[in-house]
Amino acid sequence: GTTLPSLHTALSALIRGLPHTLAPIIAEDAVAITRWLVALTGAPEVTLQLEVVGWNKCGRWHQDNYVGRVAVTYGDGVPGTW
């Protein structure tokens with residue numbers, strides 16, 4: 001399984017280049033979500049992916065073979081989600 005240090009190493013690469021005000025928020029959320037997923041499913045591995053998307057990208061997500069997915073959206077004054 002993924003250890004907390006390896007999770008933090010993966011997150012460092014994932015959030016590199018994000019604004020300094022946003023990066024720690026996303027990292028904290030990713031740790032919490034990963035812990036929750038592992039506890040809920042017993043999954044030995046969790047894949048983290050961070051995408052910056054515009055409007056209406058949902059159709060693309062339904063064309064893969066993922067067994068499960070957690071989607072989190074962050075917006076800057078944008079009402080609602082897609």
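In this chain, residues are counted from 1 in sequence order.
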Could I get the full list of side-chain contact (heavy atoms from CB on, under 4.5 Å) partners for Leu18, not counting sequence neighbours?
->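 Only Ile15, Ala23, Ile26, Leu50 meet the side-chain contact (heavy atoms from CB on, under 4.5 Å) criterion with Leu18.
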
Residues in side-chain contact (heavy atoms from CB on, under 4.5 Å) contact with Leu48, at least two apart in sequence or another chain =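 Expected list: Leu7, Leu11, Leu14, Thr34, Val46.
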
Which side chain to side chain donor-acceptor pair (under 3.5 Å) pairs, counting each pair once, include a residue from residues 20-31, with sequence neighbours left out?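 Every side chain to side chain donor-acceptor pair (under 3.5 Å) pair that includes a residue of residues 20-31, provided the two are not neighbours, is Asp29-Tyr74.
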
